[in-house]
Structures are given as C-alpha cells and as structure tokens.
Amino acid sequence: MTVQTGSADWTRARRKPEDGQTFSDLPDKFAGGSSCHRGKIDSVPISLCRAWTSDDAAPPATPAVVLEPEWSASKRSDLPLGLHWKQVLSGRFEFEFDLPAKVRCLGLGERFSALDLRGATHTLLATDNSDHNESADALYKAIPFLLLYNGDQSHAIFLDSPAPQIWELDTEFQQIGRISLLSRRGWRLYILGPASAPNLVAAYTTLTGRATQPPRWALGHFQSRWSYPDEPTLRQLAVEFRARQIPCDTLVLDIDYMDEYKVFTMSHERFPRFGAMISDLSASNFKLVTIVDPGVKRDNGFPLYKEGERRDMFCRKADGSLFTEQVWPGLSVFPDFLKEATRSWWGEKLKFYTDQGIAGIWNDMNEPAFFGIKQPLNPAAVELPEEQDQLFVHETETGPVGHLEVRNLYGMEMCRATSDGLLKHRPDERPFVLTRAAYAGIQRYAAVWLGDNNSWYEHLRKAVPMLLNMGMSGCAFCGVDIGGFGGHTTPELLVRWYEQGIFYPFFRNHSMMESRSQEPWMFGDAIESKIRHLIETRYRLLPYIETLFYEHRLTGAPLMRPMLWHYPEDKIVGDISDQFMFGKDILVAPVVERSTHTRPVYFPAGRWHPFEGGEVVQGPGYHAINLELGKVPAFAREGAIIPLASIMQSTAEYTGTEVCFHVFGDTAFGAFYEDDGHSFACNRGAFNHWNLTFEEGIFTSTCSRDGYEGYTRQYRVKTHSSEAPVELSLLENDY
Ligand code: MIG
C-alpha cells in the first residue's frame with residue numbers, strides 16, 4: 001500500500017489518499033521512547049503520555065502534575081476516550097479518540113467558528129491570514145487545548161507540541177476525533193477528566209498559568225488606529241476625548257511612529273517631542289501603548305541590527321546564513337526568541353520605550369508573518385519537512401530545532417521577552433503586553449486580540465463565540481477590534497459593536513489605514529452620545545471586572561463564559577453562540593444584525609433584570625427582547641449583588657469614585673475585590689475582598705481580606721426589585 005506523500009493536498013490527503021486509505025490505516029513506525037502516567041491536577045484526574053523519537057527530543061515532565069507511578073510503558077495503554085496513537089511517517093503522528101455525538105467541542109484558541117467546533121477540521125499553525133471567513137482555518141494563534149463538553153463528565157485534551165496540528169472533530173460524522181501532528185521529535189499529551197468544564201479549565205490553567213491582575217488602566221478604553229501619524233494628531237485625540245467627556249485611558253501608536261519602521265526608534269520629524277508629549281498626555285490621565293514587531297531592518301547603518309548580528313541574536317537557516325524576509329522595514333532579520341540570550345537582549349532594549357514613559361507594548365506580526373511567505377508550511381506537505389528544508393533553525397537549550405517544529409511558540413516567546421523586559425525596567429508595575437500570535441500559556445505574558453476582522457455584521461456576530469473559545473483556552477484577557485478593522489464601519493455598526501465590546505475584557509477601538517475613521521465622535525451628536533453612554537457603562541463595570549480578574553487568578557475562569565459554563569443542566573444553552581455570561585451574574589445578549597431592534601434572548605431558570613431597568617424576565621425560555629440602538633444588551637441575574645462605580649473619565653479617577661452595590665432580588669450574594677490597581681502588592685495580600693449578602697432586608701459585607709487602605713471613596717447599596725429602587729444604607733470603608 002502506498003500513500004502519496006507530497007503530491008496530494010495535505011488536509012484532504014489525510015482522509016482520502018489515492019487508494020482510498022487514510023493515514024490512520026498506515027502501519028506504526030514508532031521506534032522511540034514513550035511513557036504514560038496517571039495523576040491529578042487539583043481534583044481532576046489526568047493521564048499524561050510522552051513520546052520522543054530520539055533522546056535529545058524527550059519532552060520533560062511537568063511539575064504541576066502530581067503523578068502516580070508509571071502504570072504502563074506501553075503507548076497502547078488503556079487511555080480515557082479510547083485514545084490511541086501511532087507514528088505513520090517520520091514527520092507525522094496520528095491520534096484517534098472517541099467523540100460521541102452528545103459531546104461538544106470547545107476551545108482550541110482562535111477559531112473562526114460558532115461555539116461548538118464539531119463537524120470541522122481545525123489547523124493549528126500560527127498564520128497571518130486576514131481573510132476571516134467560513135473557509136479560514138489556521139489563524140494567528142495555535143492553542144492545542146480542546147474541551148470535550150459533556151456536563152460533569154467532560155474531558156479535555158491538551159497536546160503540548162508547538163508543531164503544526166490538524167484536529168478533525170468528527171468532520172466525517174463518524175463520532176471520531178483525529179489529530180495529525182506534523183512533528184519529527186515528540187510531544188506531551190494530557191487527557192484531563194472526567195470533570196466539569198470549570199474544573200477542567202482550572203486544571204489546564206494550573207498547568208499553563210493564569211493572567212496576573214491587569215494594570216487597571218488596561219481595563220479602560222483603548223483608542224487605536226493604523227495610524228495616528230504625528231504628535232499634533234495624537235494630542236488632538238486626547239483633547240477630543242476629554243472635551244467631549246468620553247472616557248478613555250489609552251491611546252495607541254501603530255507602526256508609523258517609527259523611523260522607517262525600525263523597532264526601538266521613533267520618527268523625530270513626526271514626533272519631535274516624544275517625551276514631552278507623553279508627560280502632557282499623562283497629565284490628562286492618558287497612557288500610551290506602541291506597537292513593536294519582531295522584524296529588525298537589515299541595514300548596516302542600524303545599530304540594533306549590527307549589535308544583534310554580532311551577538312548572534314537572529315534566526316539562521318540550516319546552512320548558517322541569516323534568514324531574511326520582507327516585512328514593514330523592508331528586508332529584515334528575526335530575533336530568535338527561543339533563545340534565552342535573545343529574550344533578555346530584547347528585554348534590555350525595551351528600556352528605550354520605558355524611558356520615554358510608554359505604558360505597554362503591542363506585539364504584532366509575531367507568528368512571525370512575512371510579506372513574501374504567506375504559508376509557513378507548504379500546503380502540499382503531509383509530514384513535517386526535514387530540518388534542513390524548514391525556513392530556518394532555532395537554537396535551543398537542547399540543540400538546534402527546525403522552525404516549523406516550534407513555530408507556534410515564536411509569538412509567545414516574544415511576549416515573554418517583552419513582559420520580562422518591562423518587569424525588569426519597572427519591577428513593581430504590572431506589565432501590559434498585547435499580542436496577535438499565541439500558544440498555550442500566553443495568558444502569563446499578554447492580553448490577546450484576534451487580528452484583522454472587518455467592519456461586518458458577520459464579524460460582530462462571530463466575535464462572541466470566538467472570544468468564548470479563547471476564554472475556554474485559558475485566555476481571559478481578550479477582545480476584538482471594536483468597529484471592525486478592515487472596511488468602512490457605519491454609525492449603527494459602531495454602536496452595536498460598543499454594546500457588545502464593553503464586555504470584552506480587552507476593550508479597544510482599532511481600524512485600518514484608509515478605512516473610514518471610527519473614533520466615537522465621527523458620526524454626529526446622536527451617535528456620539530450613545531457611544532459615550534456605553535463607554536461610561538464599561539467604566540461603571542470596573543469593580544465587577546476587577547473582581548472577575550481576581551476570580552480568574554484563583555480558578556482560571558474566563559470573564560466571558562459560554563452559557564453552559566453556569567447552566568450545565570439546561571438542555572438549550574449548549575446551542576447558544578450569540579449570548580454569553582459575563583461572570584456569573586450578567587447575561588449579555590447583543591444585537592448582531594443590521595436594522596434589527598428585537599432579538600430572541602434565552603433566559604436560563606430564574607429571574608433576570610434588564611441592566612438599564614424595565615420589566616423583569618422569567619426564565620427558562622426564549623423571550624423577544626427589544627434592544628434599541630445604544631441600549632446595554634445585558635441582564636442581571638436575580639440573586640446577584642453587582643458592584644458598579646460612578647462614571648469616570650479614566651481609571652485614574654477610580655480611587656475616589658463611589659462604588660454602589662446593586663442588589664437584585666430579596667436574597668442576594670456577591671463579591672467585591674479592590675487593590676492599588678498597578679503594583680504587585682496584591683500578590684502579597686494588599687487587597688480587599690468582601691463577601692456581600694442581602695437577606696431579609698439587611699445588607700452585610702464580610703471582609704475576607706482587608707489588606708489595602710488606599711481608597712477614600714464612599715460605598716452605597718441599592719436594591720432592585722420590580723418596585724422602585726430603595727436606598728438602604730451608607731457604608732464607610734472604615735476597616
Ligand atoms: O501588515 O501594523 O493586525 O492591527 O494595524 C499589517 C499595522 C500589520 C496587522 C495588525 C493590525 C495593524 C497592522 N498590522
């Protein structure tokens with residue numbers, strides 16, 4: 001039997017080779033080492049298998065896992081999900097597992113998909129593909145964590161390998177899942193469960209890490225554009241926000257702030273007084289974030305290039321010559337972020353930005369993307385090419401490794417260098433890094449946005465399930481470009497996008513060069529006041545959002561959660577991709593269609609209070625809900641206490657801002673977290689955490705921690721029932 005390796009299309013060939021056989025029909029040629037262990041992470045059972053084709057490729061075990069003794073060295077052990085694997089070509093492993101019809105598939109990072117990923121094939125290979133449409137497969141991120149949702153009997157698979165992976169989730173409707181891993185080295189595979197979805201995400205984030213408490217300013221509104229080209233434009237932008245009283249924390253500079261797109265430079269012509277500009281901005285409570293791409297211009301007159309070349313910081317081809325490709329600066333070289341020396345060198349260089357007072361760094365193009373090479377792996381390849389045939393080679397602690405074998409790590413390693421660098425220069429400030437490319441664990445180093453969407457209703461609609469799947473993949477701090485990046489937005493679309501976007505953990509308006517400007521005031525007074533109201537609502541949610549991030553730190557829970565996260569018993573919610581829970585207390589049901597004012601909203605069991613007042617809705621069931629343009633499309637769960645701040649123009653005002661505890665129903669519970677908003681003191685106990693209860697007309701706040709005293713604000717309580725709100729009492733922050 002022969003399988004054509006190299007001629008057939010690589011995704012179809014896997015299922016339909018010339019002779020009607022599949023790759024999984026090929027005999028096993030694995031001759032390396034392997035091990036299998038059972039163990040636990042917290043209370044979640046796990047099986048951990050490792051395989052390596054040669055001794056120097058053996059992936060190390062993971063300290064997070066408490067392993068029981070090896071129960072069998074055989075790779076055909078009795079694994080959960082009936083999972084089995086083999087190596088069918090030198091550069092290809094095949095895994096197969098049972099995928100019963102009732103199981104839903106969630107996670108896998110950034111997928112252009114509705115919530116359930118089943119019925120499709122998903123390639124994990126970091127790719128700069130700006131065509132986000134139904135045919136889009138590989139995008140910027142590659143996160144090989146899949147949640148097989150089945151209520152309390154859910155499982156998860158984490159195939160820890162940064163090599164290309166193709167996950168076929170019952171595409172052929174045979175209740176079988178398959179993974180093809182294009183690697184010549186080896187892998188680590190975790191099968192987690194059975195457990196509930198929250199417990200599985202907790203275990204996965206114990207393994208791969210969690211986000212730290214973000215700096216508070218990074219939870220505010222970001223205004224971005226490709227590009228604000230010069231100092232007067234940027235200054236005017238700040239003036240507009242404050243004059244119009246539209247809250248905003250951060251302005252963003254895209255690639256045009258640089259001199260010839262050279263990283264660690266800025267154009268003196270367009271930004272003659274950069275430092276002074278930043279201090280003026282900061283006087284009106286604005287932070288500045290600048291983009292930093294990996295490509296370093298290959299130019300003998302560019303000191304960064306010369307130094308990096310001399311110190312051997314850049315990726316080299318197998319023949320030892322420097323790898324070069326075209327990106328924004330022209331022909332460029334690419335730092336080898338897999339090397340510790342390169343990461344710390346890059347981190348040192350970031351001083352250029354911190355010295356200027358730049359607050360955070362936006363890492364783009366870090367898949368890495370090249371202008372000349374759109375597909376990092378030849379689409380005809382059915383196995384990983386031999387090392388000398390890969391684009392370039394990385395130097396790692398265990399020796400040289402072909403780029404494709406570890407490509408999916410590149411973006412994350414750049415963020416690690418950036419985050420560690422920021423920490424080095426500002427040791428007691430929480431760093432802020434934003435990234436486009438990512439691998440499992442990125443949440444430790446960066447917030448993520450989902451790249452080049454368009455000003456389309458289809459992308460407004462897809463943003464919800466796409467972000468939900470990011471959250472299920474460990475990335476709580478995520479968002480998409482509000483208003484849409486490519487194409488021209490419309491006033492209605494922009495308002496609808498803010499209605500949904502105020503619930504994105506990462507909250508940024510960004511758009512592409514030559515697209516219609518979409519700052520909040522671009523469409524007249526009526527639209528501006530709707531957007532102002534929505535952004536104000538975002539800022540009012542700040543105490544709730546910070547409390548949710550605290551919860552993420554403890555449990556790994558995302559902020560945006562699929563309905564099934566909280567309502568596993570409900571038979572309907574698993575099918576819902578256009579609503580979500582923002583924490584456990586707020587249901588969000590955004591309008592995602594043009595010229596639409598009423599939409600069906602599914603309410604789980606219980607009573608739900610429209611966020612901006614109105615008749616309480618009884619679940620379970622669908623209701624037709626009227627959502628006029630500009631209305632907050634959210635509902636508070638009866639039984640919740642939600643802390644809301646008063647309106648502020650930037651998060652810098654938060655310390656003195658009143659916080660009101662909104663009580664929904666006769667018996668209600670909630671929590672409230674606060675800290676200094678910028679340092680790591682919160683990790684050493686300097687925070688307040690209150691458990692809130694409302695029972696028989698009495699509101700009680702019990703401090704589970706009172707380690708922080710920095711606030712001068714007032715706290716209030718407000719009850720919401722079907723009758724008019726009643727003010728209950730005034731609390732002082734006096735303990
Ligand atoms: O080749 O820096 O996704 O957000 O504005 C395009 C310019 C490079 C792609 C990013 C986008 C950014 C743009 N970048």
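Atoms within a ligand are numbered from 1 in the order they appear, just like the ligands themselves.
At least one N/O-N/O distance between D452 and ligand 1 falls below 3.5 Å. Note: an N/O pair closer than 3.5 Å links H510 and ligand 1 by distance alone. In terms of polar-atom proximity, W362 is not counted as a contact of ligand 1, lacking any N or O under 3.5 Å from an N or O of the ligand. Considering backbone and side-chain atoms alike, R508 places every N or O at 3.5 Å or more from each N or O of ligand 1. By the 3.5 Å distance cut-off applied to N or O atoms, W226 is not counted among the residues near ligand 1.
Residue K351 places its NZ atom among 12 or fewer non-hydrogen atoms of other residues, nucleotides or ligands, all under 6.0 Å distant. Within 6.0 Å of atom CZ in R298, 12 or fewer heavy atoms from other residues, nucleotides or ligands are found, so the atom counts as exposed in its surroundings.
Between D128 and R436 a salt bridge is recorded (basic side-chain N to carboxylate O distance below 4.0 Å). Between E348 and K424, at least one side-chain N (NZ, or NE/NH1/NH2) sits under 4.0 Å from a carboxylate O, which counts as a salt bridge. A salt bridge is absent between D259 and R270; no separation between the charged side-chain nitrogens and carboxylate oxygens falls under 4.0 Å. In summary, D420 and R343 do not engage in a salt bridge, as defined by a charged side-chain N under 4.0 Å from a carboxylate O.
For F112 and H459, the distance between ring centers is under 6.0 angstrom. Ring centroid separation for the pair F222 and F507 does not come in under the 6.0 Å cut-off.
Between N300 and K306 the shortest side-chain heavy-atom distance falls below 4.5 Å.
Between the side chain of Q443 and the backbone N or O of G209 there is at least one donor-acceptor pair closer than 3.5 Å.
For ligand 1, the atoms lying closer than 4.0 Å to a non-hydrogen atom of W328 are 1 (O), 6 (C), 8 (C). Per-residue contacts place F485 under 4.0 angstrom from the following atoms of ligand 1 (heavy atoms of the residue considered): 4 (O), 5 (O), 11 (C). Close contacts between ligand 1 and D254 involve ligand atoms 2 (O), 5 (O), 7 (C), 12 (C) [criterion: under 4.0 Å to a heavy atom]. Within ligand 1, the atoms closer than 4.0 Å to a non-hydrogen atom of D364 are 2 (O), 3 (O), 8 (C), 9 (C), 10 (C), 12 (C), 13 (C), 14 (N), numbered from 1 in the order shown. Taking every heavy atom of R436 and a limit of under 4.0 angstrom, the matching atoms of ligand 1 come to 3 (O), 9 (C), 10 (C). Proximity to M365 (heavy-atom distance under 4.0 Å) selects the following atoms of ligand 1: 1 (O), 8 (C).
Counting heavy atoms under 4.0 Å from ligand 1, residue I291 touches it through the side chain alone. Of all the heavy atoms of M513, none lies under 4.0 Å from any atom of ligand 1, so neither backbone nor side chain is involved. For W449, every heavy-atom contact with ligand 1 shorter than 4.0 Å involves the side chain, none the backbone. With a 4.0 Å heavy-atom cut-off, ligand 1 is reached by no atom of M512.
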